[in-house]
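As structure tokens, the structure follows; a few thoughts come after it.
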Amino acid sequence: TLAGLARSSLSVERNAANDLRTDILEVCPDESVVIQAASSAGVPTGFNRVIVLGTWSSNELIPHLAAARGFKLVSADLKPESFVLETGPADREKQPSILVIEGGDDRGTCYGVYDFSHRVLGIDPAEYWTGRKPPQRAGLALPVLSHREGAPVFPLRGYFDNDDDMLANWRGRKLIVEYDTWQEMINTLARLRYNYIDIHDLLGRPEYYLRDYYRHMTDYHTDLDLVGRVIDYAHSKGMLVEIPMYLGWEFRHLDMDEVCLSKYRDKWMELYTYYLTKTPLGKGDLFAQRPRHPIYDWAYECPEEEAAGIKPGPLLTDMFAGLLKRIQEYRPGGRLFCDLWQDGVTMWQNGDFAPSHDIGLLWADDGYCRFDSWPDDLKGYRFGIYVHAGFWHNQVVQDPYPDRIAAVFRTAAARGMTDDCLVNGQNFKPFLLNLEASARAAWDPAAFDPDAFSRDWAARYFGAKAATLIVRSLQRLHDAHEEVVGYQHVTADGVRILHRLRRKDRAPVDAMA
């Protein structure tokens with residue numbers, strides 16, 4: 001039963017209450033538990049178990065219980081995204097057993113609900129993808145709980161939807177991840193405590209309309225209605241949405257001959273304004289750009305500027321300033337991030353590229369969660385990191401490396417580079433292990449134990465008896481990735497060999513190998 005949901009209740013808390021109800025009924029189909037959310041009503045009578053959820057300010061029953069029922073952990077001073085799970089002293093003859101799930105904010109309430117569901121009910125955060133169902137019970141007994149979760153070390157923890165060709169061609173329309181699949185991705189991410197999603201591929205990568213391989217597959221067009229629905233759904237689950245402000249999206253984009261900023265800066269700015277004012281992209285919360293080519297993920301290059309001795313760094317600095325100005329005007333409160341992917345690092349380090357300090361910077365890995373270098377001086381910028389939980393190099397087979405993830409997040413934390421972490425996990429399902437490891441490491445790098453995590457993860461899906469062997473197998477799989485070039489390269493080489501064999505001259509196979 002859902003009780004006491006006032007109309008003014010935040011949709012995020014309402015969704016958390018609905019998710020909790022669904023989780024309880026999945027495990028205990030015949031259960032009757034009152035979930036009291038965002039309400040000033042008193043404790044309901046006639047029930048043995050009551051779950052009270054919300055924040056100190058959204059649910060007046062929480063401060064009342066702290067004063068009247070001896071709850072020790074609930075507090076008005078919880079930090080954002082932190083939460084408390086606490087059962088109060090129960091007198092079963094007179095009062096119901098009460099569990100309080102209090103969040104430091106609405107997102108903290110969600111995380112408290114999902115922690116209870118995983119910890120007590122056995123709900124798998126990735127149930128849709130793994131098919132792992134919790135065992136059913138005759139009834140729900142509220143255990144003694146006294147848990148207070150601190151705030152995360154990385155306040156922003158995002159998933160980067162990038163190079164998801166397999167997921168986009170799994171079902172429905174070609175090159176489009178359908179809405180219900182987006183819902184399931186967002187549901188899992190929220191339960192893993194990611195708090196934003198970058199909707200990159202949903203906007204229509206330039207390959208989809210420029211490369212013959214994709215053009216022969218389908219007549220692709222960005223579905224802007226779908227974009228808006230996905231953004232709204234993410235918001236309803238307490239997640240922020242990051243909009244990559246690249247200028248190659250199918251629905252409206254620069255032409256390849258409009259790249260040079262010295263000549264086409266106004267066109268760049270016109271497109272940014274259009275994105276923010278005429279499309280669902282204006283509902284985003286975070287915005288991302290790279291100091292690179294505006295259409296393809298290439299280094300910025302303009303032969304005319306190069307011939308004239310004009311460096312790209314200052315031009316890209318000015319471009320970021322113009323983009324930031326438009327975000328501040330049309331999406332007040334939105335934050336802009338710069339991912340220093342590849343050549344951006346060099347331009348920033350030598351001072352050619354110097355964006356506003358209002359822009360957050362991301363230090364990027366090499367594609368496999370390895371950092372060859374770290375900045376010696378942060379130059380007063382708020383820094384985060386961009387890491388890969390999966391890469392197109394080997395996208396159909398996971399490369400489990402929680403130890404590498406642990407080391408990277410600890411190093412970033414020690415260097416004060418915790419403003420944001422953006423995690424790339426292409427096609428989602430193949431990298432569930434690394435995605436969960438990244439989320440846990442981002443929450444508390446010092447406490448994340450990669451070996452214990454691997455054992456627990458293996459036991460969850462394969463059983464305690466098999467866990468040791470599974471962990472050993474996963475390590476062998478990771479080791480194998482170090483010795484081979486990856487699925488994509490192996491397949492591409494095979495295709496080239498077959499093409500050569502079909503040719504009349506039939507060049508020897510070993511010449512290609």
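Along the sequence shown, residues carry numbers from 1. Basis for what follows: all heavy atoms, side chains included, without hydrogens, waters or symmetry-related copies. Just so it is clear, the structure is predicted and the values come from calculations on it, not from any experiment.
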Q | Basic-acidic side-chain contact under 4.0 Å: Asp365, Arg370 | A | no
Q: With Arg157 as the cation and Tyr194 as the aromatic partner, state whether NZ or CZ is under 6.0 Å from the six-membered ring centre and within 45° of the axis.
A: no
Q | salt bridge (charged side-chain N to carboxylate O under 4.0 Å, His left out) pairs, two or more places apart, involving residues 441-450 | A | none
(Q) I want to check something: taking the side chain as every heavy atom from C-beta on, are Phe116 and Leu20 in contact at a cut-off of under 4.5 Å? (A) yes
Q: Carefully, step by step, assess Leu65 and Val100 under the rule side chain to side chain contact (heavy atoms under 4.5 Å, CB included).
A: CA-CA 9 Å; Leu65 289 171; Val100 171; 3.8 Å; yes
Q.
I'd like to know if the side chain of Trp457 reaches the main chain of Ala437, judged simply by a donor and an acceptor atom lying under 3.5 Å from each other, with no hydrogens or angles considered.
A. no
Q.
Quick one, Arg137 with Glu26, criterion salt bridge (Lys or Arg N to Asp or Glu O under 4.0 Å). Give me CA distance, side-chain angles, the key distance, then yes/no.
A. CA-CA 9 Å; Arg137 309 175 193 171; Glu26 181 176 3; over 6 Å; no
Q) Please walk me through it: do Arg107 and Val12 pass side chain to side chain contact (heavy atoms under 4.5 Å, CB included)? A) CA-CA 7 Å; Arg107 198 175 292 127; Val12 173; 5.6 Å; no
Q: In plain terms, say whether Arg205 and Asp165 are close enough for a salt bridge, that is, a side-chain N and a carboxylate O under 4.0 Å apart.
A: yes
Q) With no hydrogens and no angle check, do the side chains of Thr109 and Glu102 hold a donor and an acceptor under 3.5 Å apart? A) no
(Q) Just verifying a value: how many Å separate Leu362 CG and Phe337 CZ, rounded to the nearest 0.5 Å? (A) 7.0 Å
Q. Quick one: ring pair (Phe, Tyr, Trp, His ring centres under 6.0 Å) partners of Trp129, sequence neighbours excluded?
A. Phe428
Q) Ring centres of His388 and Tyr368 under 6.0 Å apart? A) no
Q: Pick out which of Asn162, Asp163, Asn434 makes a side-chain hydrogen bond (donor to acceptor under 3.5 Å, both in side chains) with Asn424.
A: Asn162
(Q) For Tyr461 versus Ala126, what's the shortest heavy-atom pair and its separation? (A) OH-CB, 4.3 Å
Q | Interatomic distance, Asp198 atom CG to Phe160 atom CZ [nearest 0.5 angstrom] | A | 5.0 Å
Q: Considering non-hydrogen atoms only, spot the tightest contact between Thr418 and Ala412 and give its length.
A: CG2-O, 4.2 Å
Q. Do Gln475 and Asp479 have side-chain N/O donor and acceptor atoms under 3.5 Å apart?
A. yes
Q | salt_bridge(Glu127, Arg132) N-O dist < 4.0 Å | A | no
Q.
Apply side chain to side chain contact (heavy atoms under 4.5 Å, CB included) to residues Leu433 and Gln398 and explain how you reach the verdict.
A. CA-CA 8 Å; Leu433 184 151; Gln398 64 178 323; 3.7 Å; yes
Q: Name the orientation class of the two ring planes belonging to Phe448 and Phe453 (parallel below 30°, tilted from 30 to 60°, perpendicular beyond 60°).
A: tilted
Q.
Do Asp297 and Arg290 make a side-chain contact, defined as non-hydrogen atoms from C-beta onward lying under 4.5 Å apart?
A. yes
(Q) Within the structure provided, determine whether Glu86 and Leu145 are in side-chain contact (heavy-atom separation under 4.5 Å). (A) no
Q) In terms of ring plane angle, is the pair Phe371 and Trp374 parallel, tilted or perpendicular, where the classes change at 30° and 60°? A) parallel
Q. What's the shortest heavy-atom distance between Val113 and Ala16, and which atoms?
A. CG1-O, 3.7 Å
Q | Distance-only polar pair, side chains of Glu250 and Thr222, donor-acceptor under 3.5 Å | A | yes
**Q.** Lys429 atom NZ, over 12 foreign heavy atoms within 6.0 Å
**A.** no
Q | Donor-acceptor contact present, side-chain Trp182 to main-chain Val177, <3.5 Å | A | yes
Q) Is a donor on one side and an acceptor on the other found under 3.5 Å between the side chain of Arg382 and the backbone of Leu361? A) no
(Q) If we check side chain to side chain contact (heavy atoms under 4.5 Å, CB included) with Asp105, which of these qualifies: Ser58, Ser57, Pro80? (A) Pro80
Q. Which heavy-atom pair separates Gly54 from Glu13 by the least distance, and what is that distance?
A. CA-OE1, 3.8 Å
Q | Sidechain-backbone polar pair: Thr87 side chain, Leu99 backbone, donor-acceptor under 3.5 Å | A | no
Q. Hey, what do you get for CG (Asn427) to CG (Leu167), rounding to the nearest 0.5 Å?
A. 6.0 Å
**Q.** Stepwise side chain to side chain contact (heavy atoms under 4.5 Å, CB included) test for Ile101 and Val84
**A.** CA-CA 6 Å; Ile101 303 177; Val84 163; over 6 Å; no
Q) Do Asp399 and His478 meet the criterion of a side-chain donor-acceptor pair at a distance under 3.5 Å? A) yes
Q.
Between Asn15 and Tyr233, do the side chains contain a donor N or O and an acceptor N or O under 3.5 Å apart?
A. no
Q | salt bridge (charged side-chain N to carboxylate O under 4.0 Å, His left out) contacts in which one or both residues fall within residues 178-195, not counting sequence neighbours | A | Asp23-Arg191, Asp115-Arg193, Glu149-Arg193, Arg171-Asp180, Arg173-Glu178
Q. Closest approach of Tyr114 and Ala190, non-hydrogen atoms and distance?
A. CD1-O, 3.7 Å
Q) Between Val153 and Ala413, what is the shortest heavy-atom contact and its length? A) CG1-CB, 4.4 Å
(Q) The test is salt bridge (Lys or Arg N to Asp or Glu O under 4.0 Å); show your working for Arg335 and Asp285 and say whether it passes. (A) CA-CA 7 Å; Arg335 283 196 62 189; Asp285 310 283; over 6 Å; no
Q: Compute the centroid of each ring, for Tyr208 and then for Tyr214, and state whether the two points are separated by less than 6.0 Å.
A: yes
Q) Lys237 pairs by salt bridge (charged side-chain N to carboxylate O under 4.0 Å, His left out) with which of Asp106, Asp19, Asp232? A) Asp19
Q.
Would you say Tyr196 and Asp420 are linked by a side-chain donor-acceptor pair, where the criterion is simply a distance under 3.5 Å?
A. yes
Q.
So that I can tick it off, tell me whether Arg49 and Glu31 are bridged by a salt bridge, with the cut-off set at under 4.0 angstrom between side-chain N and carboxylate O.
A. yes
(Q) Determine whether the aromatic ring centres of residues Tyr386 and Trp363 are separated by less than 6.0 angstrom. (A) no
